[in-house]
Structures are given as structure tokens and as C-alpha cells.
**Student:** 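Below is the structure I would like to discuss, written out as C-alpha cells.
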Amino acid sequence: MRHFTSVNDIGDLKAAVREALDIKADRFKYNHLGRNKTLMMVFFNSSLRTRLSTQKAALNLGMNVIVLDINQGAWKLETERGVIMDGDRPEHILEAIPVMGSYCDVIGVRSFARFENKSDDYNEVILNQFIKYSGRPVFSMEAATRHPLQSFADLITIEEHKRVERPKVVLTWAPHPKALPQAVPNSFAEWMNAADYDFVITHPKGYELDPAFVGNARVEYDQMKAFEGAHFIYAKNWAAYSDENYGKVLCSDRDWTVSDRQMAVTDNAFFMHCLPVRRNMIVTDDVIESPNSLVIPEAANREISATVVLKRILESL
Ligand code: CP
């Protein structure tokens, strides 16, 4: 694997999960692979889990790690070509990226949707510039449209906990005070479709995701109906995707907050969320603290998904 930006880069999902569980049983098994290799993690946005789990994964593989927070201590970067740089951004990303590439062997990038220009977001302008100009393998640590390390960890978690071969998995929108990107739900949908689960998406009208990610999923606007008989509930907020309302918050109805009321109609479903989560907006205290909550094992599996991805990239160097 050279780059990792979506489910398409991971190949056979069953093999990937087997590899993940093998690594989970002995996470230092491939410690020799990263000797004298350096990972650079570049963050345009904040992180707790991605930062820590990816660094831990690199250490599992014997790599050295450098972390750059673009907005804390680095020069502000201009990202548009052709701009007269007379403002507050003294460095252009077209010089910065190859310079970063000269100091490392592999680059991880976190760059969220900015909601300024839908086309720039959905063309992954920042991530693709790293792929084009760094000269290094690049992996996404959450980009504008996808969060594949999270989705891979979600898949591992579902495979570890499922009680039936083809579980019913429900992705539900839930309220949030700020506009959030569609990367997590897009990516989750892409991976659930690839895994061929019984996959349902539920959200208020106006929150339809890009059809390219919805794929063969069933869309059900009645949340209670969507939850009936579910084995896994995956909650997430996202802002509107449509051209007319791109990046807007259209609904704040707390009837959509996941609570015991909805969980009662599931088949004793597990609750999942990528974290960080706003309690009593996305999910009630009772549900997230219940024995069926998988949020901690799901976050712990981020170390495993990142170890698999970095291992495969190192093997390709
Ligand atoms: N789930 C996730 O990516 O968490 P962070 O934003 O804290 O990295």
C-alpha cells in the first residue's frame, strides 16, 4: 500500500480484519519494519485519539515520529496558487509540503472540510497536494470527506462484537451545536457498504449525504423505525451536504439524541461513536455509560487500525 485515503486502498476487508486481530494479539510483532524510518504527522485541526493512537502505532512498528501542528508554532500556510501573498500567510503550501517530505519517510495528514468551497472540500485539495508534492506515502488522519482510520477501527470493533454473521448497523444523525463535516459518516457508510452489512442511515430531511457514499444503504427518515431490530447504533452529527445548504446546521431537534427510548426497540444493540462526543446532545449519559457502549474499545482499536495501515505502507517502501 502506498497511500491510504479510503476503503479502496485496504483491499480485502476480511483479510484486513484478520491482520488487525493478529496485530492486536502481538502489537510489537513487526517492530523491525520501522527501524530508521520517520513518520511525520501534520495536523491542520485538533485531535486527541488520532494523534495518540497513530503515534503509538508508529512506536509499535519501531518508527521515529515528528508531529507538526500547523496552527500552533508553524508559519500560517497559503493554500491557493496564484494568490498575491501580502496577507497574514507567509509560507505557501507548495514549498512547505516538499520540505516536510524531505524530513520523513511517511506522512499522515489531518485536514478537515472548511465549508468555504464544497468543490475544494470534496476534491480533497489539501490531502491531494500532499500526495502530489511530498514524494512520500501519505495517509489520511481525517480529511475533508473521509476518516478511514476511524472507519477501519469501527469495522474491527463490529467484527469483534457481532452476534450474527450479517448484523443490522444503523448510522444515525444526532444534534450538535456547531456545523461538523461529513467525513465520519461518509467514511463509515463507505466501509459498512463494503462490508456488506444490513446497513441503514437515518437522519432528518435535509441531511442527505453524498449518494456516492450512501451507496446501497437504506435511508429511513423515521429514527425509531430505523432502530428496530438493530445490532449496532452508530451516532454522529453532520452538517448539510446539499449545494443550497452546504455546511449549515438545519435542525437541533433533541428528539434525535440517542437515549434509552430508541435503544429499547433495538436487538440489544451496541452503541458506537467515534468521539469526542457531546453528552446529552448526541447521546444520553445512560446510553454512553451502559454495558452496551463500545466507545472505549472502538477508540482503542484506532491503535490497531493505524498499526495495520503503517505496517502495509512500510512494507511497500
Ligand atoms: N475520533 C477521532 O478522530 O478523534 P480525534 O478527533 O480526537 O482524533
Side-chain angles (χ1 to χ4, degrees), residues 4-7 9-10 20 39-60 65-72 106-115 121 124 126-127 130 138-158 160-161 169 171-174 176-192 213 232-239 258 270-279 281-283 287-288 293-310:
F4 176 71
T5 63
S6 83
V7 71
D9 298 315
I10 201 81
L39 167 66
M40 180 176 289
M41 301 199 296
V42 182
F43 288 93
F44 287 82
N45 311 94
S46 303
S47 167
L48 187 153
R49 279 143 292 274
T50 304
R51 178 185 301 262
L52 296 178
S53 62
T54 310
Q55 184 159 356
K56 177 64 166 59
L59 297 175
N60 292 347
V65 182
I66 305 172
V67 182
L68 179 66
D69 287 296
I70 294 289
N71 297 319
Q72 289 173 10
V106 182
I107 302 185
V109 181
R110 165 162 285 203
S111 174
F112 292 173
R114 296 176 175 181
F115 291 143
D121 288 344
E124 293 288 6
I126 302 292
L127 184 67
F130 273 88
V138 172
F139 65 97
S140 166
M141 299 195 299
E142 186 171 347
T145 61
R146 293 178 175 89
H147 193 357
L149 284 174
Q150 179 66 53
S151 307
F152 186 14
D154 298 335
L155 176 71
I156 296 165
T157 310
I158 291 172
E160 286 178 316
H161 290 86
V169 178
L171 167 64
T172 181
W173 180 93
H176 190 277
K178 292 167 131 181
L180 295 184
Q182 296 102 22
V184 169
N186 282 346
S187 200
F188 186 72
E190 190 169 61
W191 285 68
M192 294 303 101
F213 292 102
F232 292 88
I233 299 299
Y234 195 97
K236 187 72 184 83
N237 173 269
W238 63 88
V258 178
F270 291 105
F271 175 80
M272 300 178 72
H273 187 280
C274 62
L275 304 181
V277 69
R278 289 184 185 246
R279 284 175 174 229
M281 288 292 298
I282 300 283
V283 58
V287 170
I288 198 168
S293 173
L294 293 180
V295 296
I296 306 303
E298 184 184 353
N301 276 335
R302 291 292 306 278
E303 175 188 343
I304 307 304
S305 63
T307 307
V308 173
V309 167
L310 278 173

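Here, residue 1 is the first one in the sequence, and each next residue gets the next number. Remember, it's 1-based here, ligands and their atoms both numbered in the order they're listed.
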**Student:** Looking at side-chain heavy atoms only, is the closest gap between Tyr234 and Pro185 below 4.5 Å?
**Tutor:** no
**Student:** Which word best sums up how the rings of Phe130 and Phe44 line up, parallel for under 30°, tilted for 30 to 60°, or perpendicular for over 60°?
**Tutor:** perpendicular
**Student:** So if I apply the ring-ring contact (aromatic ring centres under 6.0 Å, His included) rule between Phe232 and each of Phe271, Phe188, Phe270, which one comes out positive?
**Tutor:** Phe270
**Student:** Say whether Glu160 and Asn301, considering side chains only, have a donor N or O and an acceptor N or O under 3.5 Å apart.
**Tutor:** yes
**Student:** With nothing but distance in play, are any N or O atoms of Arg302 less than 3.5 Å from an N or O of ligand 1?
**Tutor:** yes
**Student:** Based purely on interatomic distance, does Ser46 place a nitrogen or oxygen under 3.5 Å from a nitrogen or oxygen of ligand 1?
**Tutor:** no
**Student:** Would you check the N or O atoms of Leu275, main chain and side chain alike, for any that come under 3.5 Å of an N or O of ligand 1?
**Tutor:** yes
**Student:** In the protein, which heavy atom is nearest to atom 4 (O) of ligand 1, and how far is it?
**Tutor:** Arg49 NE, 2.9 Å
**Student:** If only side-chain N and O atoms count, and only distance matters, is there a donor-acceptor pair under 3.5 Å linking Gln150 with Asp154?
**Tutor:** yes
**Student:** Just need the protein heavy atom nearest to atom 7 (O) of ligand 1, so name the residue and atom and give the distance.
**Tutor:** Leu48 N, 2.7 Å
**Student:** For atom 6 (O) of ligand 1, grab the closest protein heavy atom and report residue, atom and distance to one decimal in Å.
**Tutor:** Arg110 NH1, 2.8 Å
**Student:** Geometry only, no angles: is Arg51 polar-contacting ligand 1 at N/O separations under 3.5 Å?
**Tutor:** no
**Student:** Checking Ser187 side chain against Arg146 main chain: does a donor-acceptor pair fall under 3.5 Å?
**Tutor:** no
**Student:** Has Met141 got any heavy atom lying under 4.0 angstrom from an atom of ligand 1?
**Tutor:** no
**Student:** Which value, rounded to the nearest 0.5 Å, describes the distance between Glu190 atom CD and Thr145 atom OG1?
**Tutor:** 8.0 Å
**Student:** Within a distance under 4.0 Å of any heavy atom of Cys274, pick out the atoms of ligand 1 and give their elements.
**Tutor:** 1 (N)
**Student:** Taking 4.0 angstrom as the limit and counting only heavy atoms of His147, give me the atoms of ligand 1 inside it, by number and element.
**Tutor:** 2 (C), 3 (O)
